[in-house]
Amino acid sequence: MARTGANLPLLQVENLRVVFPTRRGTLVAVDDISFHIDPGEVLGVVGESGAGKSLTGAAIIGLLEPPGRIAGGQVLLEGERIDNLPYEQMRRIRGRRIGAVFQDPLTSLNPLYTIGRQLVETITTHLDMTPQKARDHAIELLQEVGITAAERRIDHYPHQFSGGMRQRVVIALALCANPRLVIADEPTTALDVSIQAQIIALLKKLCSVHGAAVMLITHDMGVIAETADRVAVMYAGRIAEIGPVKDVVKHARHPYTAGLMGSIPKVGEHVERLTQIEGAMPRLNAIPPGCAFNPRCPRAFERCRLERPDLLPAGSSHAACWLYDAASAPVRAVGDA
Amino acid sequence: MIAYIIRRLIQSVVVMLTVGFVAFSLFAYVGDPISIMLGQEFTEADRARIAADLGLDRPFFVQFLRFVGNAIEGDFGISYRLARPVDALIVERLPATLELSMVAAFFALVAGVPMGVYTGLHRDSWLSRFFLTVSLIGVSLPTFLIGILLILVFSVILGWLPSFGRGDVVKIGWWSTGFLTASGLKALILPAITLGLFQMTLIMRLVRAEMLEVLRTDYIKFARARGLANRAVHFGHALRNTLVPVITITGLQLGAIIAFAIITETVFQWPGMGLLFIQSVTVADVPVMAAYLCLVAFFFVVINLIVDLLYYAVDPRLRIDKGVSGGH
Amino acid sequence: MATTTADRRSSAAPRAGVVHRALDSDIFHSFKRSPVTVLAAAITLVCFIGAIFAPWIAPHNPFDLRTLNLLDAFTPPIWTTEGDARFILGTDDQGRDVLSTIMYGARISLFVGFLSVIFAMLLGVGLGLISGYIGGTVDSFVMRIADIQLSFPAILIALLIDGIARAALPAALHDEIAIYVLVLAIGASGWVQYARTVRGSTLVEKNKEYVQAARVIGLHPVAIMVRHVLPNVMGPVLVIATIHLAIAIITEATLSFLGVGVPPTQPSLGTLIRVGNDFLFSGEWWITIFPGAALVIMVLSVNLLGDWLRDALNPKLR
């Protein structure tokens, strides 16, 4: 899926494998996934808890916690490999070329330092500025993220901000060195519902203004539908489906995605019952052979239990499902081109 | 802020009164001071006279108030054992204990904190493992045994350092100091190490545990995600956050040094308050016991207060600010 | 990329037998993996057995005056030139076999140590449960006392209690019950840690649904606390207890060394060290060093076990 030449994607992940050695054997948390992100686009990564989304983000930015480690594949940023860089080189990429926003704004900021100190510190680490210029830059950023009276509040401590404001500060911190890619791991999950929409809109707007691509990791399909350009659906450490958002949402190809979409109530649609997918996502030490979803899939057939499906073209997206292999599918899936 | 200080002061006074009450109860109910002072042969008249002198015929509450009044002025009566005023004894012995405690505390801090930081940052290096082993042994060695071993090696076998006493002291006003003479300084070394070693290992383990805890937090992860240099992450962020809770506990530990001095002073025959206290416990010399208790309680209360104020100054979350956020 | 169906049986089905499950558990596995801990456990076991069965397995009885011979006094250990095969670690100033006195002394030390810990645990856990569950003024009161007591070092409190007892009781009576006074003193100086931990856990559990459900059913509060809250809290309590055991042993040794611990008729390791200290300068080092070494080894092993236990039970480190 890698392209070369003028249309070089910003980020390429190829056959990435993340494992956790335990004394009972090695658990594979991310199993051979591949995708890319183009400059300036918003890729949503959606899936249940434990599907491997956060670990993928951590692996890309080089912050996997031991004993977890990358056991295969590669990660390329603007064509260069970054997954095997020594710590010091990776450190310079973090913040400068890849930024990150994490879930809990309450604990993301050091409570003992003013936000100004934390901003200026990050800016001067990556950009060549005097502390005074860095401070001015920081104030501008705070204004951009919507913090009023920024010149005064830059000297306030994190506990003096509400949750939503804190997350805005976090976003400012992630963007202050103008990274090309921002990995946002559940950025609104810890916030009030009423604020979630604001923060997501802010993130999307700022990233487009600064020209940064976003890898938006979440379990909330609604957020993805609103914000993302493309979406990757993960299941049990693998990508089930990936494609343009409108396509995946309206015409889900993979049975898992179809189940997900069917379980979300939609305004204007009259349904008697919401779809429920039987069973639960398998634990990492009990992933079934073949397609990981096959025990719960209403359309599974013999091949699904034997071979793990590659990502096959399905309409304008790709789905890891044998239904889309003309050679073996018993019945053609509905709604295909 | 003022309200906080006043609250703490009131608490301190309550603690002092409680301790004073315990000390006074010792006086009132334990042992028979009169027979100890008079010995075997006395008449009833003698007894009554002494009783009236000491105010022992008054009601309990009145006696307690008298005790508190005297205590505030520093008057704790007369030692049963040595037949001298207790306050004079204490003034004589206090400098010895305080100097020893201060040097021991200094040693514990200066050695313990860096070791703790190092073992927290470099968990698996051989030096860390070495430090941890030393700390484990340090925690398993009772203070008196450390003293004995040090005496064995440095006094008996090597003959480098003295094994008892303070050496030559210089009197400045009512304070007698051993810092100004060579023999005084040499005499300080072994006792100070003995006294400080246990505290040092505790501090080291505390700093290490706190450091490991802090390194796991989200804000450290976010700091790394922002690409901050290791030095900034470790010393700018992690260390600062580690030291804040460590301050309280360390302060209290150092207060404990004054009490642990009892053991060290016994081993080294160091003429301080601790030795005096132990000698008085073995013969139930209540006035000295009571005085020591109150004095130690006073030190503790003062140290606690200072530590609380320090904490307040260092952690911004404790200061209630007017500039709380509005809007989202 | 075909995978066979033969490896369908990936995870092991739970096997029967508590012992098997225990041996398969994470805790035992981390135990096996650390050779230091295994060594520490072995040493502790040896010390315990030696101490408990001292009257039967000690080479001599140091308290039987008839077997003592002053001519045997000050015999150095067996590997020196004047050593005597009967006295492996030498003899003291009265002709007593040092090894035997160590075994009997360890017995006393462990006895006091264990009893103190049990006392402190009962007191602390009990107060913690009550304080946490009932809350209100009872809670504030208990915690106030705990705070005040916590600001004083344990040894001072132990000294105080012991001193009061010494002053209040006539000497003969005091000697007889000195050991129990000591247990009381050391135990009373150490209950706070247990109480605080248990109280914290109780507060957390108290608000959980299953406790509220139990109250609705009408279970007696004591039953709720014992059956439901207590099991959740035993892990940390156990860790505290191991560490406290080491501290208790050291505290008893210190008090005995200072002369205010066990009575001279029942010498513990601390007493032995004090007695031997007098002979350090005249060259008979073994009388104090060997009891000292025994004490250190015992406490070190207990500490190692406590450290391992704490790491093994800490869910965050798994």
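Order of the sequence lines fixes the chain letters, A, B, ..., with proteins taken first and strands second; residue numbering starts at 1 for each chain. Any value given below was found using the heavy atoms of this structure, including those in side chains, with hydrogens, waters and symmetry copies removed.
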Side chain / backbone / both / neither for [X] at chain C, heavy atoms under 4.5 Å:
X: B/I258; answer: neither
X: B/S163; answer: side chain
X: B/L212; answer: neither

key: Spatial distance of atom CD1 (B/I278) from atom CG (C/L255) [nearest 0.5 Å]   =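 If I round to the nearest 0.5 Å, the distance is 7.5 Å.
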ask   = Out of curiosity, B/I148 CD1 to C/T288 OG1, how far, rounded to the nearest 0.5 Å?
value = 4.5 Å
query = How far apart are the C-alpha atoms of B/T143 and C/T254, what are their side-chain angles, what is the distance that settles it, and do they pass the side-chain contact (heavy atoms from CB on, under 4.5 Å) test?
reply = CA-CA 8 Å; B/T143 310; C/T254 307; over 6 Å; no
Any side-chain heavy atom of [X] within less than 4.5 Å of one from [Y]?
X: C/L258; Y: B/I262; value: yes
X: C/N277; Y: B/F144; value: no
X: C/I250; Y: B/V139; value: no
X: B/L141; Y: C/L300; value: no

note = Taking every heavy atom of B/S140 against every heavy atom of C/N303, the minimum-distance pair comes out as OG-ND2, 3.0 Å
Structural part of [X] lying under 4.5 Å from a heavy atom of chain B:
X: C/I249; value: neither
X: C/L295; value: side chain
X: C/A246; value: neither
X: C/R274; value: neither

message = Would you say that more than 12 heavy atoms from the other residues, nucleotides or ligands in this model lie under 6.0 Å from the CD of B/E210, or not?
response = yes
query = More than 12 non-hydrogen atoms from neighbouring residues, nucleotides or ligands closer than 6.0 Å to CZ on C/F279, yes or no?
reply =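 Counting other residues, nucleotides and ligands, CZ of C/F279 exceeds 12 neighbours.
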query = Taking it one step at a time, do B/V267 and C/F257 satisfy side-chain contact (heavy atoms from CB on, under 4.5 Å)?
reply = CA-CA 9 Å; B/V267 173; C/F257 176 81; 3.5 Å; yes
